[in-house]
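Structure first, commentary second.
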2 protein chains.
Amino acid sequence: MTGTGVHEDQERRKPATIRDVAARAGVSVATVSNVLRGRKASSAEVAARVRAAAAALAYQADRAAAQLRTGQTDIVAVIVPSLDNPFFTALVAVIEQCARRSRHEIIVASAGNEPETEATRLRALLSWRPAGIIILPCTDAFETQPMLAAAHLPYVVLDRLPANAGADCIGTENADAAAGATAHLATLGHRSILVAASSLALANIRERWDGVLRACAARDLPAPAVLELGLGFDTAAASLSGWLARHARPSAIIALTNFTTLGVLAFLREQGLNVPRDVSLVGYDDYAWMQAATPPVTAVRQPVEQMAEQAWACLLRRIGGASGPREEIRLACNLQVRDSTAPPPREPSTKGRKR
Amino acid sequence: MTGTGVHEDQERRKPATIRDVAARAGVSVATVSNVLRGRKASSAEVAARVRAAAAALAYQADRAAAQLRTGQTDIVAVIVPSLDNPFFTALVAVIEQCARRSRHEIIVASAGNEPETEATRLRALLSWRPAGIIILPCTDAFETQPMLAAAHLPYVVLDRLPANAGADCIGTENADAAAGATAHLATLGHRSILVAASSLALANIRERWDGVLRACAARDLPAPAVLELGLGFDTAAASLSGWLARHARPSAIIALTNFTTLGVLAFLREQGLNVPRDVSLVGYDDYAWMQAATPPVTAVRQPVEQMAEQAWACLLRRIGGASGPREEIRLACNLQVRDSTAPPPREPSTKGRKR
DNA sequence: TTGTACGCGTTATCAG
DNA sequence: CTGATAACGCGTACAA
């Protein structure tokens with residue numbers, strides 16, 4: 001009558017409750033709870049009976065009920081700007097490991113790069129009554145800060161550090177990292193550098209840009225040009241070729257994000273420009289493909305594991321009740337020098353020598 | 001006294017309950033529930049008061065309580081072999097979008113590529129009492145199938161399709177895809193092909209390998225060699241150079257996963273072999289970096305969006321009560337021909353012409 | 001529109 | 001010291 005198919009066995013059936021277990025073991029629900037949670041001691045014999053019954057029924061306490069009663073959870077919510085960016089998913093992967101180690105559950109939401117969605121998702125996350133939150137705000141304005149503050153729960157801001165964070169922050173030394181990349185190019189003899197940014201509306205990116213400027217100023221190099229390529233990587237090539245049509249070709253390019261690195265690389269290939277003979281390239285974020293690329297890409301490596309681990313540790317401290325002043329931790333990046341950077345070609349660089 | 005720091009405002013404070021809202025609006029809890037969930041009609045005036053009170057208190061119904069009472073959830077659990085592999089995270093990203101569209105929440109867990117962890121995580125996921133589950137088993141044995149079956153809830157197996165799935169399956173036409181890649185190489189004139197697999201213990205990979213064999217047999221080509229490089233990408237180079245020390249260099253390589261593609265590419269570069277002049281390469285999975293690479297990589301593109309969408313649609317049907325026989329959907333892949341494949345070099349291929 | 005029983009696991013209180 | 005009884009948390013839904 002109802003579905004004669006193979007799905008017969010998948011009809012919804014209620015999972016066993018603590019009462020089922022108690023009945024089967026011939027004890028009270030209190031005893032079941034005590035045994036399974038190891039609170040009060042029980043006789044070995046009773047404990048064994050309870051455990052057997054629980055196993056036989058595949059009993060698993062309902063989180064909703066447990067949480068409702070105790071009023072506390074092992075849930076940590078994580079909200080990232082997007083799940084399409086491997087940088088963010090790498091952070092999530094590490095956070096997930098940390099969570100597992102400390103017996104927490106994480107729930108992840110993506111803001112889809114939109115503050116409105118971030119707010120919607122955050123609201124949904126809060127309904128889980130998480131013990132804490134790790135957030136990577138999708139804009140500098142950090143529009144959801146008030147909502148987060150009003151929730152009165154510990155949170156940590158990761159990677160993108162807005163002015164109004166209002167809580168502990170974990171980020172990287174963006175300026176130093178970019179300055180290091182610039183210094184590397186300067187040492188090789190580059191004077192005409194183009195900076196490929198995603199968007200200068202992001203503090204991270206502005207800090208990196210500032211680092212480039214600082215490094216150039218320190219060496220009396222002309223200030224590089226900067227180009228905003230947007231968040232996706234597909235639009236990059238068009239922007240770049242438009243810019244190059246109106247300006248002299250730089251001898252080196254610094255890309256400030258992983259997507260822009262990809263965009264620049266795709267563009268250079270399309271144009272038939274050889275890296276590093278015609279143009280040197282420093283990328284950002286260090287992925288496996290950068291090592292496998294031809295040539296392997298010199299890149300700024302952000303300490304993804306450390307970032308996630310520090311964020312987790314920091315949040316756990318707050319959840320545990322730590323009440324000191326808010327911290328702002330900045331982690332150092334390092335430059336992986338590979339083969340995409342070399343001294344500049346003779347002609348173009350000499351042409352612009354005298355400014 | 002307690003913490004004079006900036007974290008003052010983050011002291012734990014209980015969120016408003018439905019009773020708080022009721023009191024503030026001067027109505028009963030039932031009315032608050034009715035108004036906020038739009039079930040029974042209320043006078044406009046009362047509704048407004050309730051909404052004002054709820055907004056003022058930033059009231060958000062506690063999921064645990066709601067779920068406990070209604071006995072049903074909008075939760076779908078997703079379990080993947082690993083979160084380090086962009087193929088899996090891409091699937092998760094699409095699933096997350098689907099979930100948002102149909103007003104569901106997803107919770108994601110990683111099995112860390114280990115069946116034991118898969119079981120542990122699955123058990124934890126079940127405690128959420130999800131409405132359904134999407135699983136990518138981390139081995140062919142699908143050790144967690146009995147647990148899943150015993151839970152009596154709808155689930156869908158995605159990507160890796162084991163023999164004992166016991167539920168709807170969504171995968172790709174692995175054999176056809178690999179056969180297509182092989183045919184492409186055969187057409188270019190390649191006769192000595194090396195297949196770089198991750199592990200033949202995975203049905204997916206075996207199917208791809210079978211596809212290669214089938215295509216070769218159909219064209220009277222000698223059966224290619226196959227090499228298992230493991231799941232990580234870092235060990236690949238070592239395995240490959242070991243193999244090449246004992247065998248003649250093939251004129252083309254087919255990589256059967258994204259990680260092996262990366263591994264092969266890194267190896268070829270290390271060896272100073274030019275692609276495609278010395279060796280042609282067909283990769284698997286199509287990522288942005290493959291287009292940006294030099295040369296852009298010819299690759300089998302798996303329909304990630306469709307896979308996730310079909311899995312979601314399928315699961316929703318079951319959650320909705322559909323009871324037909326279990327489905328097995330296989331989606332077609334297509335070959336993105338780019339510049340990493342070309343006719344074989346003269347010498348090495350002629351050497352082996354006469355078998 | 002309201003009162004209130006209910007769902008399920010936890011824990012304080014009480015009995016053996 | 002072991003084990004049982006019952007109140008409780010919070011939102012939902014039915015009866016009133």
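A, B, ... follow the sequence lines: proteins, then strands. Residue 1 opens every chain. Just so we're clear, the structure is a prediction, and the values are computed from it rather than from any experiment. Every heavy atom of this structure was used, including side-chain atoms; hydrogens, water molecules and symmetry mates were not.
- The shortest distance between the side-chain N/O atoms of T17(B) and the OP1/OP2 oxygens of dC10(D) is not below 4.0 Å.
- S43(B) has a side-chain polar atom (N or O) that falls below the 4.0 Å cut-off from OP1 or OP2 of dT1(C).
- DNA chain D is contacted by both R19(A) and Q72(B); R19(A) maps to the nucleotide lying nearer its 5′ end (nearest heavy atom per residue).
- Ion pair R317(B)/E327(B) flagged as a salt bridge, since at least one NZ, NE, NH1 or NH2 atom sits closer than 4.0 Å to an Asp/Glu carboxylate oxygen.
- Separating the CG atom of L36(A) from the P atom of dC8(C) is a distance of 17 Å, rounded to the nearest angstrom.
- Distance from the side chain of T70(A) is smallest for dT11(C) among the nucleotides dT11(C), dG11(D), dG3(D).
- Using a 4.5 Å heavy-atom threshold, the side chains of V78(B) and I133(B) count as separate.
- Picking from dA6(D), dG7(C), dT2(D) the nucleotide with the shortest atom distance to the side chain of A41(A) gives dT2(D).
- Under 3.5 Å, the side chains of T117(A) and T120(A) contain no donor-acceptor pair of N or O atoms.
- Between dG3(D) and S42(A), a contact under 4.0 Å exists linking OP1 or OP2 to a side-chain N or O.
- Side-chain nitrogen and oxygen atoms of R69(A) include none within less than 4.0 Å of the OP1 or OP2 phosphate oxygen of dA7(D).
- Between T31(B) and dT2(C) there is a side-chain N or O to OP1 or OP2 distance below 4.0 Å.
- Side-chain N/O atoms of T73(B) and Q67(B) include no donor and acceptor closer than 3.5 Å.
- Between S33(A) and dT10(C) there is a side-chain N or O to OP1 or OP2 distance below 4.0 Å.
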Show each protein N/O and nucleotides 13-16 of chain C N/O combination with a separation under 3.5 Å, one pair to a line.
| residue | atom | partner | partner atom | Å |
| --- | --- | --- | --- | --- |
| dT13(C) | O4 | K40(A) | NZ | 2.9 |

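- OP1 or OP2 of dT11(C) has at least one side-chain nitrogen or oxygen of R37(A) nearer than 4.0 Å.
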What's the verdict on side-chain contact (heavy atoms from CB on, under 4.5 Å) for S42(B) and T31(B), showing C-alpha distance, side-chain angles and the deciding distance? CA-CA 8 Å; S42(B) 299; T31(B) 303; 4.3 Å; yes
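- A salt bridge is absent between E114(A) and R121(A): the closest approach of a Lys/Arg side-chain nitrogen to an acidic carboxylate oxygen does not fall below 4.0 angstrom.
- Among the atoms of the strands shown, base atoms are found under 4.0 Å from some heavy atom of A30(B).
- Salt bridge D62(A)/R69(A): absent, no basic N to carboxylate O contact under 4.0 Å.
- A residue-by-residue look at A65(B) and G26(B) shows that G26(B) has its nearest nucleotide of DNA chain C further toward the 5' end.
- Across all strands shown, V27(A) has heavy atoms under 4.0 Å from sugar-phosphate atoms exclusively, and none from any base.
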